[in-house]
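Single-structure report; data block below.
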Amino acid sequence: MKSLTLPAVAKLNLFLHITGRRDDGYHNLQTLFQLLDVGDELTFDLRRDSDIRLDCNNAQLVNEQNLVLRAARLLQQYSHCSRGCDIYLQKRLPMGGGLGGGSSDAATTLLGLNRLWQLGLSVDTLAELGLKLGADVPLFVRGYTAFAEGVGEKLLPLPMPEKVYLVVTPDCHISTAEIFQHPDLIRNTPTIASDQVLTASWHNDCQPLVERLYPIVAITLQWLVEYAPCQMTGTGASVFAAFPDQTSAQHALAQLPPSWRGFIAKGVNQSPVWAALADTE
C-alpha cells in the first residue's frame, strides 16, 4: 500500500461535568462523547525517504504545532520507523469549536500511519501515544461513542440512539485553556455512577462562563432553541440540537444567519475511520 485516505470525524459532548481540579492543574471530568459521521479527511502517501510533510487546504494550519505533524513524528520516533509520508489534510471542521477536530486529525494520523507503515501497533498502544498529544485523542483512536472520566481518557463504550444533529458555530474562536483556567469555571459537580449516566441530569459546566465571556454563543443558543432544545459542546463555540429527522434539521439550517457556520450530522456509535481501515485489509 502506497496511499491511504481516511476520515477524521467530529464529536459532541452530550454533557460535560467538571468534578474537580487535580494537583497537576488538569481537571477531572465526566462527559458523554457522541461521535458524528462528518469531519475532516486525511490522505497519506508513502515517501521514499523518512521525511514527513504536511499540506492543507488551509495554509495557516501548516506549521510545526499542528497535531497531525506531531502525531506522525511521535509515531515515527516511538516505532523507530525509517519511512516517511506526505500528508494532505482537508480541513472541514471549524477550529476552536469544541468538536474535537484537531484531536480527531491526530488520531486518524496514528491509525493511518500504523497501517501505511505496517507497524502493527495495538489500539491500546496508539491510544497511549495519543494521550501525549491531547486528552480527547484516545477517544478518536478507539473510535466509539463513550462515557468518559479522568481527563477524558478513561472510556466506557456507551451506544446511543443515532440521532440527527444540527451543529452551529458562531464566528468566534474559544481557547479551551482560557476556559479551564478561568477562576469562575464550575468545578464541583457531583460525580455520576457509570450505570446511572442515562438517567442522570445533564448539562455543560463550561456553558454559563462561555456565554458570559462570548455573548455571541448565548445569542446562537437563543436562536437554535427556537427550533429544538440545545446546548454547547465542549468549551464551545459550537452548539447543537437533536432533531427528529433530516427534514426538520434542514429547515432550521436554512434559516442560519450568514456569518455562522452550520452542518447536519448523524450520531454514530462507531467511527467511520474503522470501516475505512477495514476496507484496506
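- Rounded to the nearest 0.5 Å, atoms CG (Asp40) and CG (Leu6) are 12.5 Å apart.
- Listed for the Thr109 side chain is a donor-acceptor partner under 3.5 Å among the backbone atoms of Asp105.
- Remark: Glu162 CD to Gln270 CD distance equals 10.0 Å, nearest 0.5 Å.
- Counting only heavy atoms from C-beta outward, the side chains of Arg92 and Val38 never approach each other to under 4.5 Å.
- The same ILVMFWY cluster, assembled from side-chain heavy atoms under 4.5 Å apart, contains both Ile52 and Leu67.
- Cluster partners of Tyr88: none. The rule joins Ile, Leu, Val, Met, Phe, Trp and Tyr whenever side-chain heavy atoms lie under 4.5 Å apart, and it links nothing here.
- In this structure, the side chains of Phe33 and Leu14 stay at 4.5 Å or more apart for every pair of heavy atoms.
- Within the 3.5 Å criterion, the main-chain N or O of Met232 finds a donor-acceptor partner in the side chain of Gln207.
- Of all heavy-atom pairs between Ile192 and Ala200, the closest is CD1-CB, 3.8 Å.
- Going from atom OG1 of Thr189 over to atom CD1 of Ile18 covers 7.5 Å, rounded to the nearest 0.5 Å.
- Looking only at distances, a side-chain donor or acceptor of Thr108 sits under 3.5 Å from a matching main-chain atom of Pro7.
- For Asn204 against Gly234, the heavy-atom pair with the smallest separation is ND2-O, 2.9 Å.
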### side chain to side chain contact (heavy atoms under 4.5 Å, CB included) evaluation trace for Arg142 with Asp124
CA-CA 8 Å; Arg142 298 191 183 279; Asp124 286 346; 2.9 Å; yes
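- Screening Arg53, Arg73, Arg70 against Glu64 for a salt bridge (charged side-chain N to carboxylate O under 4.0 Å, His left out) leaves a single residue, Arg73.
- Of all heavy-atom pairs spanning Ala241 and Pro229, the tightest one is CB-O, 3.3 Å.
- At a cut-off of 3.5 Å, with distance as the only test, a side-chain donor of Thr235 or Thr176 sits close to an acceptor on the other residue.
- For residues 251-273, the ring pair (Phe, Tyr, Trp, His ring centres under 6.0 Å) pairs, not counting sequence neighbours, are Trp223-Trp260.
- Ser103 is not listed as a side-chain neighbour of Leu139, based on a closest heavy-atom distance of 4.5 Å or more.
- No donor-acceptor pair closer than 3.5 Å links the side chain of Ser104 to the backbone N or O of Gly100.
- Residues Val239 and Tyr165 do not share a hydrophobic cluster, clusters being chains of Ile/Leu/Val/Met/Phe/Trp/Tyr side chains in contact below 4.5 Å.
- Counting only residues at least two apart or on different chains, no ring pair (Phe, Tyr, Trp, His ring centres under 6.0 Å) pair has a member in residues 36-69.
- With hydrophobic clusters built from ILVMFWY side chains whose heavy atoms lie under 4.5 angstrom apart, Leu36 does not share a cluster with Phe243.
- Rounding to the nearest 0.5 angstrom, the gap separating the CG atom in Leu116 from the CE atom in Met1 is 7.0 Å.
- Expressed to the nearest 0.5 Å, how far CG of Asn114 lies from CG of Leu121 amounts to 4.5 Å.
- Cluster annotation: Val268 is connected to Leu155 through the hydrophobic network of ILVMFWY side chains, with a link wherever side-chain heavy atoms come within less than 4.5 Å.
- Side-chain contact between Gln76 and Arg83 is absent, with no heavy-atom pair separated by less than 4.5 Å.
- Side-chain contact between Pro170 and Ile219 is absent, with no heavy atoms from C-beta onward closer than 4.5 Å.
- For residues 234-262, no residue pair satisfies the salt bridge (charged side-chain N to carboxylate O under 4.0 Å, His left out) rule, not counting sequence neighbours.
- Screening residues 4-15 for side chain to side chain donor-acceptor pair (under 3.5 Å) gives Thr5-Thr43, Lys11-Asn13, Asn13-Thr31, Asn13-Thr233 as the qualifying pairs, with residues at least two apart or on separate chains.
- Looking at every heavy atom in both residues, Asn57 comes nearest to Lys91 through OD1-N, 2.7 Å.
- You'll find the side chain of Val210 reaches within 4.5 Å of the side chain of Ile174, heavy atoms only.
- Take Tyr78 and apply the ring-ring contact (aromatic ring centres under 6.0 Å, His included) test, not counting sequence neighbours, and it matches no residue.
- Distance check, rounded to the nearest 0.5 Å: CG of Leu69 to CG of Leu54 gives 4.5 Å.
- Between Pro94 and Thr169, the shortest heavy-atom distance links the atoms CG-OG1, 3.4 Å.
- Residue pairs that meet the ring pair (Phe, Tyr, Trp, His ring centres under 6.0 Å) test with at least one member in residues 94-153, sequence neighbours left out, do not exist here.
- Not a single donor-acceptor pair under 3.5 Å links the side chain of Gln231 to the backbone N or O of Phe240.
- Applying the salt bridge (charged side-chain N to carboxylate O under 4.0 Å, His left out) rule to pairs touching residues 207-230 yields Asp184-Arg212, sequence neighbours excluded.
- Of the possible polar contacts, one joining the Ser175 side chain to the Glu178 backbone as a donor-acceptor pair under 3.5 Å is found.
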### Message
side chain to side chain contact (heavy atoms under 4.5 Å, CB included) for Asp55 and Leu89? Distances and angles first, verdict last.
### Response
CA-CA 6 Å; Asp55 194 11; Leu89 169 61; over 6 Å; no
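- For the pair Ser238 and Val167, the tightest heavy-atom approach, listed with the atom from each and the gap, is CB-CG1, 4.1 Å.
- At least one side-chain heavy atom of Leu75 sits under 4.5 Å from a side-chain heavy atom of Leu129.
- In this structure, Leu99 is not a member of the same hydrophobic cluster as Val164, with clusters built from ILVMFWY side-chain heavy atoms closer than 4.5 Å.
- The salt bridge (charged side-chain N to carboxylate O under 4.0 Å, His left out) pairs that include a residue from residues 13-31 are Arg22-Asp24, where partners are two or more places apart or lie in different chains.
- Panel note: side chain Asn66, backbone Leu61; a donor-acceptor pair is recorded below 3.5 Å.
- Within the structure, every pair that satisfies the salt bridge (charged side-chain N to carboxylate O under 4.0 Å, His left out) test and touches residues 107-120, not counting sequence neighbours, is listed here: Arg115-Glu281.
- Ion pairing between Asp86 and Arg47 holds under the 4.0 Å rule for side-chain N and carboxylate O.
- With sequence neighbours excluded, the residues satisfying ring-ring contact (aromatic ring centres under 6.0 Å, His included) with Phe180 are His27.
- Between Pro272 and Val9, some side-chain heavy-atom pair lies under the 4.5 Å cut-off.
- Under the rule for a ring-ring contact (aromatic ring centres under 6.0 Å, His included), the partners of Trp202 that lie at least two apart in sequence or sit in another chain are Phe15.
- Using a 3.5 Å distance cut-off with no hydrogens or angles, the side chains of Ser259 and Asp171 do not pair a donor with an acceptor.
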### Message
I'd like to know whether Gln30 forms a side chain to side chain contact (heavy atoms under 4.5 Å, CB included) with Leu16, so could you lay out the CA-CA distance, the side-chain angles of the two residues, the decisive distance to 0.1 Å, and finally the verdict.
### Response
CA-CA 6 Å; Gln30 292 186 311; Leu16 178 55; over 6 Å; no
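- No more than 12 heavy-atom neighbours from other residues, nucleotides or ligands sit within 6.0 angstrom of CD on Gln77.
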